[in-house]
Amino acid sequence: MHTATNAETQPENPQPPPVPPRHRRTLTAALAATAAAGLLAYGLTRDGGDPPPAERHVPTAPITYTVEGSGTAHLTYLGSSPKGTATVLPDAELPWTTTVDVPLKKDATLTVVLPADGTHATCALAVDGRHRQRATATGPHGRATCTTALDRPAEPGSQG
């Protein structure tokens, strides 16, 4: 009587069963997520050696923008970002006022555009509390712009 041994029942080079396609996608997604998590952890915990660049101080001046009138208006004014980007208020209720710090290398500007049923609105701006400009918009879609150049800081060593 012959009995089978382990050597007779096992093939010489066993191949693992093929991975079904949906399991391959799951495995690929899991590996990608693990790699992304590892990179994120590395970025958050590494010493880096290089400190982040210091923010450069940009000299500014306090600008008070004011719009007198009634109803609403479309307002655009120079905001307080270091790059001097504009802030837009499409339906500002009048009267309206705000004070922001504007970079000295920019011109302070406030634009008022009245709606189709607009009657009148007056814009004004002040630099450091001192009145600089006033303008009036009238009628439907009337427009007014108040603008002024901001004083530049004195150059080192210059006489003032």
Side-chain angles (χ1 to χ4, degrees), residues 21-160:
R22 67 180 174 181
H23 291 309
R24 265 187 254 151
R25 286 191 298 266
T26 303
L27 181 61
T28 302
L31 288 173
T34 302
L39 286 173
L40 178 63
Y42 172 75
L44 294 175
T45 60
R46 73 181 184 101
D47 189 11
D50 294 332
E55 286 194 29
R56 211 178 61 183
H57 174 70
V58 176
T60 61
I63 307 299
T64 300
Y65 297 114
T66 304
V67 180
E68 296 295 329
S70 60
T72 63
H74 182 99
L75 307 179
T76 305
Y77 64 95
L78 190 60
S80 58
S81 75
K83 293 183 180 180
T85 56
T87 299
V88 177
L89 303 173
D91 293 309
E93 291 287 329
L94 304 182
W96 173 90
T97 189
T98 190
T99 300
V100 295
D101 289 327
V102 175
L104 289 181
K105 293 184 179 182
K106 300 290 182 177
D107 291 343
T109 303
L110 167 63
T111 301
V112 178
V113 179
L114 298 175
D117 62 350
T119 55
H120 75 280
T122 300
C123 68
L125 63 82
V127 178
D128 203 17
R130 291 184 301 269
H131 171 76
R132 287 283 184 97
Q133 178 149 40
R134 179 180 312 272
T136 301
T138 59
H141 306 288
R143 175 181 289 255
T145 301
C146 289
T147 188
T148 189
L150 298 179
D151 296 331
R152 304 320 195 247
E155 294 295 322
S158 67
Q159 305 265 331

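Computed from heavy atoms alone, side chains included, the values below leave out hydrogens, waters and symmetry copies. Since we're looking at a predicted model, the values are computed, not measured.
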Side-chain heavy atoms of Val100 within contact of Tyr65, under 4.5 Å
yes
Shortest non-hydrogen contact between Gly139 and Leu114, atoms and distance:
O-CD1, 3.4 Å
State, with a plain yes or no, whether a side-chain heavy atom of Val127 is found less than 4.5 Å away from one of Pro62.
no
With rounding to the nearest 0.5 Å, note down the distance linking CD1 in Ile63 to NZ in Lys106.
13.5 Å
Shortest non-hydrogen contact from Ala121 to Leu94?
CB-CD1, 4.0 Å
With a 4.5 Å cut-off on side-chain heavy atoms, are Leu110 and Cys123 touching?
yes
Can you tell if the side chain of His74 reaches within under 4.5 Å of the side chain of Val88, non-hydrogen atoms only?
yes
Does Arg132 reach the main-chain N or O of Ala149 with its side chain, forming a donor-acceptor pair under 3.5 Å?
yes
Indicate yes or no: at least one non-hydrogen side-chain atom of Thr109 is less than 4.5 angstrom from one of Thr145.
yes
Side-chain donor or acceptor of Thr147 paired with backbone N/O of Ala108 under 3.5 Å
yes
Only residue of Thr122, Thr98, Thr97, Thr99 satisfying side-chain hydrogen bond (donor to acceptor under 3.5 Å, both in side chains) with Thr66 is Thr97
For Leu125 versus Thr148, what's the shortest heavy-atom pair and its separation?
CD1-CG2, 3.3 Å
For a 4.5 angstrom cut-off between non-hydrogen side-chain atoms, does Thr111 reach Arg143?
yes
Kindly say whether Cys146 contributes a backbone atom to a donor-acceptor pair with the side chain of Gln133 at under 3.5 angstrom?
no
Is any side-chain heavy atom of Thr76 closer than 4.5 Å to a side-chain heavy atom of Thr87?
no
Within-4.5 Å side-chain heavy-atom neighbours: Trp96 and Leu75:
yes
